[in-house]
J.: 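Take a look at the following structure, please.
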Amino acid sequence: MAISAGLLTPRMVLAAWPKGAFEAKTVDEAVNGLFGSTTLTGSDQIKIKAPDIAENGAVVPISVTTDIADAQSISVIAEKNSTPLAASFALGAGAEGFVSTRIKMGKTGSVIAVVKSGDKLYSTGKEVKVTIGGCGG
Amino acid sequence: MASIKMRAKTAEGVTTIKALISHPMDTGLMKNKKTGKVIPAHFIQEVVCEHNGKAVMTAHWGPAISKNPYLSFRFKGGNAGDTVKLSWVDNKGESDSSETTIS
């Protein structure tokens, strides 16, 4: 595997990997670990595209789109995973409010998207039924 | 290393990036069925995408991102011929990056 020295050249501030947030066992702890707050405001300006039923919990395609102004980050949380936080995307200047990826879900539950804009955290959720859990064991 | 396959296309002032990264994204929760030993966690933690030397997207990932991660996002601007660079670092300190030209 290539190890590139100087990979993380100084530009946008790259915060350290938020270990506490990724190891948190509840949604509240994960959100708090990321943002230092658990106050979420429900928003219909966030759309989650995810299957109603995921046949394979190891690969659940998730897209989050938001038109909330000045969105700084989009975070994806799988409510029923043992460690709910799946990913957090920081949007640089010019980035659109859109991310798409695939996540593992251990069982049926909500996928929650949290969008940070200014000091506020907006969120919405979508229930995904999982027929075969994807976290292992 | 060629762990990243990436496409960058621009249309109507918006560049769309689609990338597929080869990586096991092991959670550390699975056991090797033959040896019974836990397969240690091995997953990408940071992903950075740069356009013209500026980061347009930075992501922190956990082991819940699926194996061989797929990623797509968009940013305003970007002209055909510009370079976009995607880099990742995992929890073992391994890394890779790839550049592509916006078409």
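Small disclaimer: the values here were computed from a predicted structure and weren't measured. Here is how names work: the chains are called A, B, and so on, in the same order as the sequence lines, proteins then strands, and each is numbered from 1.
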J.: Stepwise, does the side chain to side chain contact (heavy atoms under 4.5 Å, CB included) test hold for B/Q45 with A/F22?
T.: CA-CA 10 Å; B/Q45 291 189 318; A/F22 278 105; over 6 Å; no

J.: Please say yes or no: joined through hydrophobic side-chain contacts below 4.5 Å, possibly via intermediate residues, are A/V99 and A/I68 part of one cluster?
T.: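 Yes, one cluster joins them.
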
J.: Roughly how far, to the nearest 0.5 Å, is OG1 of A/T65 from CZ of B/R74?
T.: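 One gets 6.0 Å once the value is rounded to the nearest 0.5 Å.
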
J.: So which of B/I39, B/I17, B/V14 has the largest heavy-atom pair count under 4.5 angstrom toward chain A?
T.: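 So the answer, after comparing B/I39, B/I17, B/V14, is B/V14.
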
J.: Taking the side chain as every heavy atom from C-beta outward, state whether A/F98 and B/F75 have any atom pair closer than 4.5 Å.
T.: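 Not in contact.
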
J.: Check B/L29 against A/S82 and note the closest heavy-atom contact, atom names and distance.
T.: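 Closest heavy-atom pair between B/L29 and A/S82: CD1-OG, 4.4 Å.
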
J.: Working to the nearest 0.5 angstrom, can you tell me the gap between A/N81 CG and B/T27 OG1?
T.: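 One finds 10.0 Å between CG of A/N81 and OG1 of B/T27.
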
J.: Would you say B/L71 and B/M6 are hydrophobically clustered, going by side-chain heavy atoms of ILVMFWY under 4.5 Å?
T.: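 Same hydrophobic cluster.
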
J.: Considering only heavy atoms, which portion of B/L20 lies under 4.5 Å from any heavy atom of chain A: side chain, backbone, both, or neither?
T.: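 Only the side chain of B/L20 comes within 4.5 Å of chain A.
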
J.: If every non-hydrogen atom of A/R102 is compared with every non-hydrogen atom of B/K67, which pair is closest and at what distance?
T.: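 For A/R102 versus B/K67, the nearest heavy atoms are NH2-O, 4.2 Å.
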
J.: Name the member of A/G94, A/A87, A/S100 that forms the most heavy-atom pairs with chain B at distances under 4.5 Å.
T.: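 Most heavy-atom pairs under 4.5 Å with chain B: A/S100.
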
J.: Report yes or no: do A/W17 and A/I77 belong to one cluster of Ile/Leu/Val/Met/Phe/Trp/Tyr joined by side chain heavy-atom distances under 4.5 Å?
T.: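 Yes, A/W17 and A/I77 fall within the same hydrophobic cluster.
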
J.: Non-hydrogen atoms of chain A under 4.5 Å away: do they reach the side chain of B/K18, the backbone, both or neither?
T.: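 For B/K18, no heavy atom lies under 4.5 Å from chain A.
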
J.: Within the supplied structure, the quantity of interest is the number of heavy atoms (other residues, nucleotides, ligands) at a distance under 6.0 Å from A/K126 NZ; does it exceed 12?
T.: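 Enclosed: over 12 neighbouring heavy atoms sit under 6.0 Å from NZ of A/K126.
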
J.: Is it the case that over 12 heavy atoms from other parts of the model lie below 6.0 angstrom from the CG atom of B/N32?
T.: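 Result for CG/B/N32: enclosed.
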
J.: Between A/K104 and B/S66, is there a donor-acceptor pair closer than 3.5 Å when you use the side chain of the first and the backbone of the second?
T.: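 Between the backbone of B/S66 and the side chain of A/K104 there is no qualifying donor-acceptor contact (under 3.5 Å).
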
J.: Identify which part of A/V76 has an atom lying under 4.5 Å from any heavy atom of chain B, answering side chain, backbone, both or neither.
T.: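 For A/V76, neither part sits under 4.5 Å from chain B.
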
